[in-house]
There are 2 protein chains.
Amino acid sequence: MDGARWLDDDEQRTWRAFLWTSRLLNEALDRQLQQDAGMPHAYYMILAMLSESPGRTLAMSELARTVCSSPSRLSHAVKRLEERGWVRRAKHPEDRRTTLAELTDEGFAVLAAAAPGHVEAVRRHLFDPLTRAESAHLRDLLFTLLAGLADDPSAPAPPQPERSRRRRSPEEP
Amino acid sequence: MDGARWLDDDEQRTWRAFLWTSRLLNEALDRQLQQDAGMPHAYYMILAMLSESPGRTLAMSELARTVCSSPSRLSHAVKRLEERGWVRRAKHPEDRRTTLAELTDEGFAVLAAAAPGHVEAVRRHLFDPLTRAESAHLRDLLFTLLAGLADDPSAPAPPQPERSRRRRSPEEP
DNA sequence: CCCTAATAGTTGAACGCTCAACTTTGGAGG
DNA sequence: CCTCCAAAGTTGAGCGTTCAACTATTAGGG
């Protein structure tokens with residue numbers, strides 16, 4: 001317990017502030033969308049990203065990247081969305097491994113109906129309390145953190161290849 | 001869809017950066033604790049808050065406030081923690097509505113074993129990428145947002161009393 | 001005093017997410 | 001070619017969270 005530097009009071013407050021803010025913001029958004037549109041925020045993001053894509057269509061893996069989701073979570077989510085008729089799935093004609101997800105007209109209508117309330121909630125909770133300069137600064141700080149989080153070695157990476165594609169370090173025989 | 005101001009590109013980026021950062025950070029911390037200590041981050045927080053309380057004991061409602069949790073979530077969580085022998089529950093002797101949650105010795109040991117790895121993960125993901133001044137600025141921005149989120153009228157509040165304790169506004173008869 | 005309302009907490013069902021298999025398809029090297 | 005491995009998705013079980021009841025206890029106002 002002594003090898004690692006502990007968090008001092010300032011760091012403690014910063015860390016808790018981050019946790020609380022992210023939790024409260026996520027809960028507020030989830031509640032708003034669940035009540036007004038009958039879907040969780042993660043589902044809204046999927047519909048939104050599809051609506052911004054050419055042909056309102058995206059491969060599952062690309063969609064997973066753009067909504068920052070695991071393949072499994074996305075697969076489950078799209079299955080639900082398909083059951084509601086908001087998304088349609090089809091096999092890619094040239095690479096039959098990939099599945100294409102397409103936003104249906106009904107899905108687009110639901111998204112369009114949900115968007116104003118959602119945007120208003122984001123504005124009220126995130127942007128109204130901050131000045132223009134403050135939100136710009138916040139963005140910069142978050143980008144800095146994202147850079148560190150993006151190449152996290154502890155992330156669920158594809159299983160380490162036994163002996164290949166791994167730069168031999170000087171310590172190894 | 002025209003009454004509400006849309007998000008411009010800068011706001012869009014800020015908003016997505018917030019979502020991604022909070023999601024990636026939460027996932028990283030959850031993974032670390034799940035793998036190294038066999039519990040999710042929410043459970044760790046409960047043990048940590050209890051350990052810092054006088055007598056390692058707290059009423060459920062106070063505990064819920066300090067870990068920023070709903071009563072229901074906390075109740076379920078403490079039930080699991082009690083099943084593992086990390087927490088003990090007892091009725092308050094003077095107000096028999098309230099339940100006191102107490103951290104057991106075994107729970108304290110588990111917490112002590114988990115803490116260093118957890119702190120190291122927080123440090124790596126949140127503080128190492130930022131200068132001292134940057135993290136102070138981040139804290140200030142988060143506090144500003146928290147102030148707005150704290151008194152959110154859309155929060156799951158106790159159901160509005162029909163006719164009492166509600167300042168009569170001039171518009172009402 | 002009694003009746004009402006507020007406070008504190010618990011419970012079960014529904015739902016979303018994680019993790020670890022598993023299937024299928026496409027490439028690459030021998 | 002044929003084998004092997006990587007890429008792309010899907011599935012089912014287990015778990016945590018939410019939401020809406022529901023119980024129990026205390027405090028307040030006629």
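Each chain gets a letter, A, B and so on, in the order the sequences are listed, and its residues count up from 1.
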Does R23(B) use its side chain to pair, donor to acceptor, with the backbone of C68(A) at less than 3.5 Å?
yes
Whole-Å gap separating P (dT26(D)) and NE2 (H92(B)):
10 Å
Salt-bridged, K79(B) to E83(B), with N to O below 4.0 Å?
no
Walking DNA chain C from its 5' end, the first of M39(A) and K79(B) to be reached, judged by nearest nucleotide, is K79(B)
Give me each pair satisfying salt bridge (charged side-chain N to carboxylate O under 4.0 Å, His left out) with a member in residues 56-68 of chain B, each pair once, sequence neighbours excluded.
R56(B)-D105(B)
Rounding to a whole Å, what distance do you find between N26(A):CG and dG16(D):C1'?
16 Å
Which residue pairs pass the side chain to side chain donor-acceptor pair (under 3.5 Å) test with at least one member in residues 36-51 of chain A, sequence neighbours excluded?
Q32(A)-D36(A)
Double-helix bend of the helix from dC1(C)-dG30(D) to dG30(C)-dC1(D), axes at both ends from 5 pairs, round to 10°, gives 10°
List in chain and number order the residues that pass side chain to side chain contact (heavy atoms under 4.5 Å, CB included) with E94(B), two or more places apart in sequence or in another chain; answer none if no residue qualifies.
H92(B)
Which atoms of nucleotides 21-26 of chain C (N or O only) lie under 3.5 Å from a protein N or O atom, and what are those distances?
| residue | atom | partner | partner atom | Å |
| --- | --- | --- | --- | --- |
| dG26(C) | OP1 | R96(A) | N | 3.1 |
| dG26(C) | O4' | R97(A) | NE | 3.4 |

Checking all strands, does S75(B) fall into the base, sugar-phosphate, or nothing category for heavy-atom contacts under 4.0 angstrom?
base
Measure the distance from CZ on R89(A) to C1' on dG9(D) and round it to the nearest whole Å.
9 Å
Nearest whole angstrom, please: distance from the P of dG16(C) to the CD of E27(A).
16 Å
Is it true that a side-chain atom of S75(B) and a backbone atom of P71(B) form a donor plus acceptor pair closer than 3.5 Å?
no
Set of side chain to side chain contact (heavy atoms under 4.5 Å, CB included) partners for P129(A), sequence neighbours left out:
T144(B), L145(B)
Measure from CG on L33(A) to P on dT18(D) and round the result to the nearest Å.
15 Å
Is there a donor-acceptor pair closer than 3.5 Å between any side-chain N or O of S135(B) and the backbone N or O of L130(B)?
no
Partners passing side-chain hydrogen bond (donor to acceptor under 3.5 Å, both in side chains) against Q12(A) (at least two apart in sequence or in another chain):
R16(A)
Value in whole Å for how far the P atom of dG16(D) lies from CG of D30(B):
10 Å
Under a 3.5 Å distance rule, please check whether R89(B) uses its side chain to pair with a backbone N or O of M60(B) as donor and acceptor.
no
Show every salt bridge (charged side-chain N to carboxylate O under 4.0 Å, His left out) that has at least one partner inside residues 129-138 of chain A, sequence neighbours left out.
R132(A)-D8(B), R132(A)-E11(B)
For a quick check of understanding: with a heavy-atom distance under 4.0 Å over all strands, which category does A42(B) fall into, base, sugar-phosphate or nothing?
sugar-phosphate
Heavy-atom nearest nucleotide on DNA chain D taken for R31(A) and for L100(A); more 5' hit belongs to L100(A)
Over how many whole Å does the gap from Q35(A) atom CD to dT18(D) atom C1' extend?
12 Å
Distance below 4.0 Å between T99(A) side-chain N/O and dT10(D) OP1 or OP2:
yes
Could you check whether any side-chain N or O of T104(A) sits under 3.5 Å from a backbone N or O of W86(A), counting only pairs where one atom can act as donor and the other as acceptor?
yes
Non-neighbouring partners of S53(A) that pass side chain to side chain contact (heavy atoms under 4.5 Å, CB included), sequence neighbours left out:
L58(A)
Check the distance between dT18(D)'s C1' and Q32(A)'s CD and give it to me in whole angstrom.
17 Å
DNA chain D contacts among residues 45-74 of chain A, heavy-atom distance under 4.0 Å:
A59(A), M60(A), S61(A), P71(A), S72(A)
Quick one: list whatever passes side chain to side chain contact (heavy atoms under 4.5 Å, CB included) with T57(B), sequence neighbours left out.
L100(B), E102(B)
List every contact pair, protein side and nucleotides 13-15 of chain C side both N or O, where the distance is under 3.5 Å.
none

